Amino acid sequence: MYEPRKEDKFSFGLWTVANRGRDPFGEATRPTMSPTHIVKKLAEIGAWGVNLHDNDLIPIDASASERDRIISDFKKALADNGLAVGMATTNLFYDPVFKDGAFTANDGRVRSYAIQKVMNAIDVGAELGAPIFVFWGGREGTEVDFSKDHAESVKRTREAINFLCNYVKDQGYNIKFSLEAKPNEPRGDIYFSTSGAMLGFIATLQYPEMVGVNPEVAHELMANLNVAHVVGQCLDADKLFIIHLNGQKYARYDQDLRFGSEDLNGAFSLVHMLETHNFQGSLEFDAHAYRTEDEEGVWDFARGCMRNYLILREKSRQFQQDAEAQDILKSNDIKCDSWNAVASGYSRDTAEKIKNSDYPKQEMSERGLRYERLDQIVGEILMGVR
Ligand code: GLT
Ligand code: MN
């Protein structure tokens with residue numbers, strides 16, 4: 001029942017399972033893993049796809065012939081193992097040249113180099129059949145707030161994304177862009193700190209229909225937000241292209257823990273939203289194994305992410321079939337003619353009618369909603385006693 005299948009569309013970044021356990025206070029605890037080995041292992045454990053940055057696969061200083069050889073080996077591994085590429089992206093944060101940002105660097109040459117690097121990465125993504133190309137601007141931001149004009153930074157980001165949308169169209173690629181928000185880390189403050197900020201920005205672009213978002217659990221929690229609510233707004237806007245799943249404790253550094261290992265209620269609410277809205281995009285795990293693990297622990301981690309999602313999906317179904325829980329939800333869903341009129345659009349007549357209506361304010365105020373019971377039911381489902 002909890003075995004991943006291709007149609008679940010689970011994927012992992014090369015950078016996630018290849019994470020070597022390095023942190024700001026300590027060296028790597030695991031050896032490197034080759035991309036082709038990762039592809040083989042991911043297929044073995046039942047993932048559908050793999051995600052990558054340009055430099056997860058191709059070293060930043062590779063020659064053209066090295067690049068071609070690496071891509072052809074990787075394509076062969078994908079074909080041999082029946083794995084898809086869920087998304088591709090550009091590393092615009094690791095190299096020292098991006099120390100003050102890529103599209104928002106004060107140095108126009110850095111901004112132009114970033115455009116060049118992204119176009120090359122888009123070419124790689126297109127060659128590998130990636131339907132989505134992600135932008136995560138880890139270095140776009142400041143520590144010193146008066147070092148940049150923040151309105152100018154937004155404008156420069158728009159100029160970059162508009163240019164790159166045109167590049168994709170010009171090349172005839174079948175690729176859409178997805179913007180990923182994070183409030184801070186590695187910069188003191190990162191621009192477009194939440195998925196909500198990204199949604200507002202997308203509406204100002206030349207081709208808004210080409211651009212969506214991929215909220216990440218940990219990033220929204222770092223901003224003290226509710227991920228299920230965030231996902232609700234993205235779904236409503238038809239902008240949830242993919243999602244980055246992981247685990248995170250509130251108010252900490254970016255932990256990127258195994259999905260479902262923290263905040264079980266939050267993870268349940270998120271899965272419940274995705275499942276009840278029949279989300280069709282890929283479910284991408286952007287997390288890594290604890291620093292204590294060897295390679296076997298990495299695959300335990302990866303299996304655990306998928307298994308936890310599938311368990312929570314099953315729990316969501318159980319909740320949807322729980323007569324008592326559904327009864328509580330139904331008893332709170334009270335239909336009202338005035339609201340039906342509001343929902344069907346404004347008319348002077350409706351406005352007049354509503355102004356002249358009497359609503360049973362006291363009864364509405366006094367009615368208990370039974371959310372205590374509802375939450376207990378879900379808790380018992382999650383704890384496995386119901
Ligand atoms: C980086 C970051 C992730 C982004 C990746 C895409 S890289 O590890 O923490 O959230 O999704 O650039
Ligand atoms: Mn991510």
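In listed order, ligands and their atoms are each counted from 1. In this text the structure is predicted, and so the values were computed from the model without any measurement.
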Flag, side chain of K182 to backbone of W136, donor-acceptor distance under 3.5 Å: no

Which atom of E180 approaches the Mn ion (ligand 2) most closely (N/O/S): OE2

Test of proximity, H53 against ligand 1: N or O pairs below 3.5 Å: yes

Separation between OG of S11 and CD1 of I242, rounded to the nearest 0.5 Å: 7.5 Å

N-O pairing of D8 and R313 below 4.0 Å: yes

Ligand 1 atoms in contact with H219 (distance to a heavy atom under 4.0 Å): 10 (O)

Nearest neighbour in protein (non-hydrogen) for atom 1 (C) of ligand 1: W136 CZ3, 3.7 Å

Shortest-distance N, O or S atom of D286 relative to the Mn ion (ligand 2): OD2

Side-chain donor-acceptor pair present, Q376, E380, cut-off under 3.5 Å: yes

Check: D286/W15 side-chain N/O donor and acceptor closer than 3.5 Å: yes

Which N, O or S atom of E216 lies nearest to the Mn ion (ligand 2), by name: OE1

Contacting atoms of ligand 1, where contact means under 4.0 angstrom from a heavy atom of E180: 3 (C), 4 (C), 10 (O), 11 (O)

N/O/S atom of E284 inside 2.8 Å of the Mn ion (ligand 2), strictly under: no

N246 versus D256, side-chain donor and acceptor atoms under 3.5 Å: yes

Short side-chain donor-acceptor distance under 3.5 Å, R158 and T204: yes

Test item: N166 and Q206 side chains (from C-beta on) under 4.5 Å apart, heavy atoms: yes

Heavy-atom nearest neighbour in the protein, as seen from atom 9 (O) of ligand 1, with distance rounded to 0.1 Å: D254 OD2, 4.0 Å

4.0 Å heavy-atom contact, D286 with ligand 1: yes

Shortest protein contact, atom 8 (O) of ligand 1 (heavy atom only): W15 NE1, 3.5 Å

Of the N, O or S atoms in H244, the one nearest the Mn ion (ligand 2): ND1

Contact (N/O only, under 3.5 Å) between H244 and ligand 1: yes

Contact check: T90 vs ligand 1, nitrogen or oxygen atoms, below 3.5 angstrom: no

Test: E324 and R386 ion pair at under 4.0 Å: yes

Within 45° cone of Y207 ring axis and under 6.0 Å: K169 NZ or CZ: yes

Contact flag H219/the Mn ion (ligand 2), N/O/S atoms, threshold under 2.8 Å: no

